[in-house]
There are 2 protein chains.
Amino acid sequence: MVVAGLQRAIFEHKIAPGTKLSEDEVGEIFGVSRTIVRSALQALAHSQLVSIEKNRGAFIASPTPKEAHEVFEARGLIEPRVAAMAAKRMTDQMLEILASHIEDEHAATASGDKGRALSLSGGYHLKIAEIAGHEVFTDFIRALISRSSLIIALYWRRADTTCESHSHHALMKAFEHRDPAAAEEIMRSHIVDLHSGLNLSDVNRSPLSLADALKL
Amino acid sequence: MVVAGLQRAIFEHKIAPGTKLSEDEVGEIFGVSRTIVRSALQALAHSQLVSIEKNRGAFIASPTPKEAHEVFEARGLIEPRVAAMAAKRMTDQMLEILASHIEDEHAATASGDKGRALSLSGGYHLKIAEIAGHEVFTDFIRALISRSSLIIALYWRRADTTCESHSHHALMKAFEHRDPAAAEEIMRSHIVDLHSGLNLSDVNRSPLSLADALKL
DNA sequence: TCTGCCTAAATTGTAGCCAATATTTTATAC
DNA sequence: GTATAAAATATTGGCTACAATTTAGGCAGA
């Protein structure tokens with residue numbers, strides 16, 4: 001699937017915001033016709049990962065500072081509620097899945113694969129939404145996490161992601177105790193941390209060529 | 001635009017959930033080729049207004065009771081926050097726009113045009129989000145209101161919408177006083193009212209033919 | 001040298017065609 | 001008469017070709 005391929009590349013920061021996605025070029029890379037590419041680009045445009053300009057083409061989206069602020073404000077409203085719901089419905093099996101997810105994250109961080117670590121960190125948040133079992137919120141969170149990936153590429157202040165692991169561990173404790181209020185509060189402050197980890201005054205620009213980026 | 005045309009028909013309850021949207025038929029009605037129709041149907045599928053089944057076609061979505069519940073739960077979380085934000089940023093000009101919107105709603109109700117009244121009622125909620133100036137929340141609310149239209153078609157308990165006008169008037173008062181807390185609370189209870197106005201145990205099925213429905 | 005316009009190349013937008021899959025009809029057997 | 005199976009029909013899926021629009025380059029004039 002070409003949507004998934006492009007998404008992964010975006011999540012792992014293989015392609016930078018602003019990169020042009022020519023239909024022919026993308027089609028060449030994935031070995032499909034322009035029809036498929038077009039459909040994929042429209043899907044990605046709908047989730048705000050690419051912006052399509054009429055008669056000009058599709059580009060990896062470059063969220064503005066305002067947009068970045070709004071995305072994390074939205075996450076700050078929705079995710080705590082969802083974390084509380086997940087805590088209520090938590091099972092031992094789900095706890096194990098979350099734990100192994102965190103291990104993968106650690107492994108990726110240890111091996112220095114920043115992109116993969118970041119992508120897995122988003123996956124952890126998404127997993128919580130899935131456990132909460134609320135499809136509407138899950139869809140929203142999926143979209144917000146995707147956009148967060150672009151935002152982090154543009155505005156992330158520090159190079160480390162260690163604060164991540166700490167918060168995620170704290171969340172695990174709350175889930176183990178099936179404590180909705182704690183989960184909600186930890187998630188809230190975690191999102192605030194992420195939000196304040198952004199430097200919305202200047203931008204990290206690092207344009208890449210599409211062909212280089214997409215070695216699948 | 002064919003997307004807008006289909007959307008309006010859905011919002012005004014001209015086409016019922018479950019109705020099949022044949023590509024040829026839709027293309028015939030709007031005078032465009034199947035390529036355009038396919039693109040439009042995919043866009044509508046992304047916003048969950050139609051569901052596309054592989055090799056079978058596109059159908060107006062039929063939200064399940066669970067989905068209906070979730071949509072209004074999401075609205076109950078997001079819209080109060082947005083109403084508070086709107087109250088903070090409210091201007092006299094915006095108040096007038098909202099007021100005229102309510103008048104239109106009254107007029108439509110008075111003339112017995114239920115579909116249009118419902119559509120305008122949704123538009124009022126959307127307008128509030130636009131005034132709040134938060135694009136991310138506005139997009140979410142737009143999607144939720146769209147889906148609410150289908151949900152109301154399927155599960156609305158009573159025939160009247162008078163409770164609507166009452167809550168909307170109460171909101172106006174809060175906006176006039178620039179009172180975020182009041183706006184938030186009124187919106188919250190308004191959404192709860194809407195939610196409890198649904199009868200999620202049985203369904204109002206009323207299939208229509210597409211050609212009849214789309215007298216644009 | 002810089003500005004403005006005009007032409008040409010490249011890229012997206014749309015339409016129509018053939019292939020693949022689902023649905024309906026019809027024929028046959030029980 | 002009913003049920004099963006096979007063929008015919010209709011509908012969607014994907015590709016290619018053509019049209020429309022934008023962008024880039026070059027040329028002329030100031």
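In what follows, chains carry the letters A, B, and so on, assigned in the order in which the sequence lines appear, proteins first and then strands, with residues in each chain numbered from 1. Model, not experiment: these values are computed from the prediction.
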Which residues within residues 34-42 of chain B lie with some heavy atom under 4.0 Å of an atom in DNA chain D? B/Arg34, B/Arg38
Suppose we screen for side-chain hydrogen bond (donor to acceptor under 3.5 Å, both in side chains). Which residues come up paired with A/Arg89, at least two apart in sequence or across chains? none
Rounded interatomic separation in angstrom, taking CD from A/Glu28 and P from D/dT16: 12 Å
Enumerate the residue pairs fulfilling ring pair (Phe, Tyr, Trp, His ring centres under 6.0 Å) with a member in residues 90-121 of chain A, sequence neighbours excluded, ordered by first and then second residue. A/His106-A/His169
Quick check on A/Arg8: does its CZ atom have over 12 non-hydrogen neighbours (other residues, nucleotides or ligands) under 6.0 Å away? no
Which sits closer to the 5' end of DNA chain D, A/Ser33 or B/Glu23, going by the nucleotide each is nearest to? B/Glu23
Would you please name every residue forming a salt bridge (Lys or Arg N to Asp or Glu O under 4.0 Å) with B/Glu135, sequence neighbours left out? none
For A/Arg75, side-chain hydrogen bond (donor to acceptor under 3.5 Å, both in side chains) partners two or more places apart: A/Glu79, A/His125, A/Ser148
Set of side-chain hydrogen bond (donor to acceptor under 3.5 Å, both in side chains) partners for A/Arg38, sequence neighbours left out: A/Glu23
Residue pairs meeting salt bridge (charged side-chain N to carboxylate O under 4.0 Å, His left out), one or both in residues 56-71 of chain A, sequence neighbours left out, come to A/Glu53-A/Arg56, A/Lys66-A/Glu70, A/Glu67-A/Arg147
For DNA chain D, which residues of residues 47-60 of chain A approach it to below 4.0 angstrom with any heavy atom? A/Asn55, A/Arg56
Any pair with a residue in residues 67-94 of chain A that passes ring pair (Phe, Tyr, Trp, His ring centres under 6.0 Å), sequence neighbours left out, goes on the list, sorted by first then second residue, please. A/His69-A/His195, A/Phe72-A/His195
What is the 5' to 3' range of DNA chain C, first to last nucleotide, that sits under 4.0 Å from any heavy atom of chain B? C/dT14 to C/dT23
By side chain to side chain contact (heavy atoms under 4.5 Å, CB included), which residues pair with B/Thr138, not counting sequence neighbours? B/Leu126, B/Ala129, B/Glu130, B/Arg142
Tell me every residue that passes side-chain hydrogen bond (donor to acceptor under 3.5 Å, both in side chains) with A/Ser39, counting only those two or more places apart in sequence or in another chain. B/Gln42
Taken to the nearest whole Å, CG/A/Asp24 to P/D/dT16 is 11 Å
